[in-house]
Number of protein chains: 2
Amino acid sequence: MEARARNPRGEGDRLRTTLLDVATELLAEVHDVDQLSVRAVTSAAGVSPTALYLHFADKDELVTAIKLRCFAALKERLDAAMAERDGDPLSALRAAGHAYLAFAREQPGWYAAIFHTNFRKDVDPGEYRLGGDGMETFAVLVTAVASCLGRPEDEDAFAIATILWTALHGRASVTRAMPGFPFPDERSWIERLVSGMVDAGAAAGDRTAGSPAD
Amino acid sequence: MEARARNPRGEGDRLRTTLLDVATELLAEVHDVDQLSVRAVTSAAGVSPTALYLHFADKDELVTAIKLRCFAALKERLDAAMAERDGDPLSALRAAGHAYLAFAREQPGWYAAIFHTNFRKDVDPGEYRLGGDGMETFAVLVTAVASCLGRPEDEDAFAIATILWTALHGRASVTRAMPGFPFPDERSWIERLVSGMVDAGAAAGDRTAGSPAD
DNA sequence: GTCGTACATGTACAACGTTCAGTTACTGCC
DNA sequence: GGCAGTAACTGAACGTTGTACATGTACGAC
């Protein structure tokens, strides 16, 4: 829609960034990547539809790039929430849970993009992975769990972290798909989840390691 | 594609069933409702594309009907798994967990359909709900949790059941979106989840009710 | 000035969901 | 038997989608 001057020579990549900016912005409004059309993105960027293909092989590649951005935004939010409770790992874990659900609630389009699956039939299933930011973010969770347990980042901490994450994601996902579902209030639910799993982990650790309980 | 004789008078509704049958079957192959086109469904049913609109207002209504079927299939699977362990609620809970993940793994299209969100902008958000079968299925989970705790189906049992469900759904969803994620093996993961949450619930119950532990 | 190339645009196509007017064939009525 | 009525379905067409391919345009180097 907007008038736009062509980029100077050597600066063609600027359009790539612009397209990503615009697409991310639009995604915040439509709440679903499938609702985000190539034409809507390019037109909002002030460019012809086919200009997108100078910077992305197809829409899928655009979406993948958007996913990375959304993941980074989520990571930022979680990091901030946990940093506020630095020194109190249990409290940090709860804060992360609230931040996670808040992000999913307030930015449903971005959140959904992270978990979006493009099931083209010619897909290489091993291709899909947790992007760099993703694994880093998850590692923060594992660290927090480990320090709650007062133990190194072993398999137990990892397993507990996966349970916390999947439960949070599950609640976010169910809330989106079935807004009517009568979830318990967020605070008590997260409290139950976090302390339940951490306590179980601590008990298991005591049994195997023989370390004293607090 | 197939040749097809028109239905006799008064039996027009048969096509509705046929379309649902065919669509459900195709969905098992394509793994994504968005990949399921009206034309593919109608052509597989041996009928013109527009015939679908004699029985469904739009594709959305078709998808909604499919969702109900998929939910019923999931419920059937869970019921069967839990029935096998009748009398041992903890074991039944674990079996349900395995059955749940197995369903999501073996019928990804059906499973995804259950949680599919049609985010048309003219949506009534309160409209989306856990269908009849859905709430029933969940109620079974609540019952199992309650009998693990040896207590009535109170808020605790409900809250624990939501955590179990969301964690299971979360794992299924993450596995689909990020097949590379290194989850702990299913058996130990479910064991940790179920016993962790149930133990926590039992401990909390003891504290509030003062009933003896077993 | 004119040439090469980086940065785009314009046209076109097949597939999609959907609308609406039209066709087919069975049923009850005279 | 003929004919109207209607249930069951088709065909053509529209706007939108992702995308391929040919084309245009302006700037820096010679």
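Side chains included, hydrogens not; waters and symmetry mates left out as well; all remaining heavy atoms used. Below, chain A is the first sequence line, B the second, and so on; all start at residue 1.
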| task | Can you establish whether the number of heavy atoms outside R187(A) located under 6.0 Å from its atom CZ is more than 12? | result | no

Can you measure [X] atom [atom1] to [N] atom [atom2] for me and round it to whole angstrom units?
X: L52(A); N: dT17(D); atom1: CG; atom2: C1'; value: 13 Å
X: L54(B); N: dT18(C); atom1: CG; atom2: C1'; value: 13 Å
X: H55(B); N: dA7(D); atom1: NE2; atom2: C1'; value: 10 Å
X: D32(B); N: dC16(C); atom1: CG; atom2: C1'; value: 15 Å
X: Y53(A); N: dA22(D); atom1: OH; atom2: C1'; value: 17 Å
X: Q35(A); N: dT17(D); atom1: CD; atom2: C1'; value: 12 Å

| task | Tell me which nucleotide among dA8(C), dG17(C), dT19(D) gets nearest to the side chain of D58(A). | result | dT19(D)

| note | Of the listed dG11(D), dT18(C), dT19(D), the closest approach to the K59(A) side chain comes from dT19(D)

Counting any heavy atom closer than 4.0 Å, what does [X] reach on the DNA or RNA strands: base, sugar-phosphate only, or nothing?
X: S48(B); value: base
X: T50(A); value: base
X: L36(A); value: sugar-phosphate

Does the plane of the ring in [X] sit parallel, tilted or perpendicular to the ring in [Y]? Use 30° and 60° as the thresholds.
X: F158(A); Y: F181(B); value: parallel
X: Y111(B); Y: H169(B); value: tilted
X: F183(B); Y: W165(A); value: parallel

| H31(B) side chain to A112(B) backbone, donor-acceptor under 3.5 Å | no

| Main-chain N/O of T24(B) paired to R69(B) side chain as donor or acceptor, under 3.5 Å | no

| task | Kindly state which residues belonging to residues 6-19 of chain A come within less than 4.0 angstrom of DNA chain D, counting heavy atoms of the residue only, listed by number. | result | R6(A), R9(A)

| remark: Of all heavy-atom pairs linking A177(B) and F115(A), the shortest is CB-O, 3.5 Å

